[in-house]
Asks: 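First, the structure itself, so that you have it in front of you.
In listed order, ligands and their atoms are each counted from 1. Remember, predicted model here, so these are calculated numbers, not experimental data.
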Amino acid sequence: MSRVALVTGGTRGIGAAISVALSKAGYKVAANYAGNDEKAKAFEAETGIAVFKWDVSSYQACVDGIAKVQEALGPVDILVNNAGITRDAMFHKMTPEQWGEVISTNLSGLFNMTHPLWGGMRDRSFGRVINISSINGQKGQMGQVNYSAAKAGDLGFTKALAQEGAAKNITVNAICPGYIATEMVRAIPEKVLAERILPQIPVGRLGEPEEIARIVVFLASDDAGFITGSTISANGGQFFV
Ligand SMILES: NC(=O)c1ccc[n+]([C@@H]2O[C@H](COP(=O)([O-])OP(=O)(O)OC[C@H]3O[C@@H](n4cnc5c(N)ncnc54)[C@H](OP(=O)(O)O)[C@@H]3O)[C@@H](O)[C@H]2O)c1
């Protein structure tokens, strides 16, 4: 029986690459998304991967959404917390709404998704939780106090929960991508990308979503059973912890 993997924000960008890679690796995959029905339906039609819509910033929506996934595919063994947003502004201009939306999605989303699945993983003595954090949670980034705080919080979440899961064969790890070629990054003006961002990346290019997806496939596998509480950086040499 193939294991079931649930990928939040799994219909676009890095998440879509993760969903496809896990599906190709033989997992039954459910891809969650927030509201872009058009992209989600196109993704489902193209890949055959089932899509499920709910907002990870709501605990109850996660409980209800997870129940639908488990009804359709079976118990979830692998959770990839990938859904994330940016609401960038310099701190002196940042609104409480911009702060709150990013913390609710990028940090509380991990609690909201992992907590309802945790009991089942403990009962079955197997689980993989893989959190997509960011280079900007490691080093901080001006204009992203909200995002950097949430993504740094994801790393604390990972390290603490890994200690709780270890005895039950549940691993919890984080990946910190650098700049990856997705819509989130393509929204950055071309001039800023060419003159300010690319010169900071020693390998001289953006990362590809598939390069993050391959790390997820490894962390999800039985081969990665001794890796827990880790943060894997994939940033083209831009930042070393
Ligand atoms: N791109 C980068 O360079 C980069 C670098 C470091 C870290 N990351 C992190 O990697 C992850 C994916 O980034 P990306 O660039 O692939 O993003 P993206 O292309 O903007 O896609 C985001 C995905 O997350 C979903 N989503 C957003 N808010 C959600 C919510 N509240 N509930 C459920 N789903 C939600 C979106 O659903 P809809 O399609 O419905 O909107 C979409 O599927 C994020 O956590 C991001 O912070 C990205």
Side-chain angles (χ1 to χ4, degrees), residues 6-21 29-44 47 49 51-66 69 79-88 100-113 130-141 144 146-155 157-158 174-188 192-193 197-198 200-201 205-213 215-216 231-236 238-239:
L6 169 54
V7 184
T8 67
T11 58
R12 286 202 285 126
I14 295 171
I18 294 170
S19 299
V20 168
V29 179
N32 147 273
Y33 70 104
N36 193 330
D37 295 313
E38 199 184 322
K39 280 272 165 67
K41 293 294 166 200
F43 174 81
E44 187 170 48
T47 63
I49 293 169
V51 301
F52 296 83
K53 177 174 163 179
W54 75 84
D55 177 357
V56 301
S57 71
S58 157
Y59 186 82
Q60 193 54 50
C62 290
V63 169
D64 297 344
I66 287 166
V69 168
L79 169 65
V80 185
N81 284 311
N82 165 79
I85 57 169
T86 51
R87 296 286 183 269
D88 296 353
E101 281 178 39
V102 168
I103 298 295
S104 306
T105 304
N106 298 8
L107 178 56
S108 301
L110 269 60
F111 175 82
N112 298 339
M113 284 301 303
I130 301 160
N131 300 319
I132 309 300
S133 175
S134 168
I135 185 175
N136 292 343
Q138 295 173 299
K139 72 174 186 59
Q141 175 61 43
Q144 289 197 321
N146 50 0
Y147 185 86
S148 299
K151 292 296 187 180
D154 292 344
L155 301 181
F157 176 99
T158 299
I175 300 171
C176 285
Y179 286 95
I180 308 298
T182 67
E183 280 172 47
M184 188 183 265
V185 166
R186 286 195 203 102
I188 299 170
V192 176
L193 207 56
I197 294 178
L198 283 178
Q200 294 174 34
I201 307 174
R205 64 171 176 86
L206 299 175
E208 295 299 328
E210 292 72 19
E211 293 181 297
I212 305 304
I215 304 170
V216 171
T231 299
I232 298 184
S233 300
N235 61 34
Q238 188 182 350
F239 184 72

Asks: In the structure I gave you, are the side-chain heavy atoms of E211 and I180 within less than 4.5 Å of one another anywhere?
Replies: no
Asks: Name all residues meeting the side chain to side chain donor-acceptor pair (under 3.5 Å) criterion together with E44; count only those two or more places apart in sequence or in a different chain, and write none if there are none.
Replies: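 So E44 forms no side chain to side chain donor-acceptor pair (under 3.5 Å) with any residue.
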Asks: Using the test ring pair (Phe, Tyr, Trp, His ring centres under 6.0 Å), find all partners of Y59 that sit at least two apart in sequence or belong to another chain.
Replies: F111, H115
Asks: With a 4.5 Å heavy-atom cut-off, do I18 and I132 have their side chains touching?
Replies: yes
Asks: Using the test side chain to side chain donor-acceptor pair (under 3.5 Å), find all partners of N36 that sit at least two apart in sequence or belong to another chain.
Replies: none
Asks: Testing T231, T158, D154 one by one against N131 for a side chain to side chain donor-acceptor pair (under 3.5 Å), which residue passes?
Replies: T158
Asks: With hydrogens left out, which residues have an atom under 4.0 Å from ligand 1, given that only heavy atoms count?
Replies: G9, T11, R12, G13, I14, N32, Y33, A34, G35, N36, W54, D55, V56, N82, A83, G84, I85, T105, I132, S133, S134, Y147, K151, P177, G178, Y179, I180, T182, M184, V185
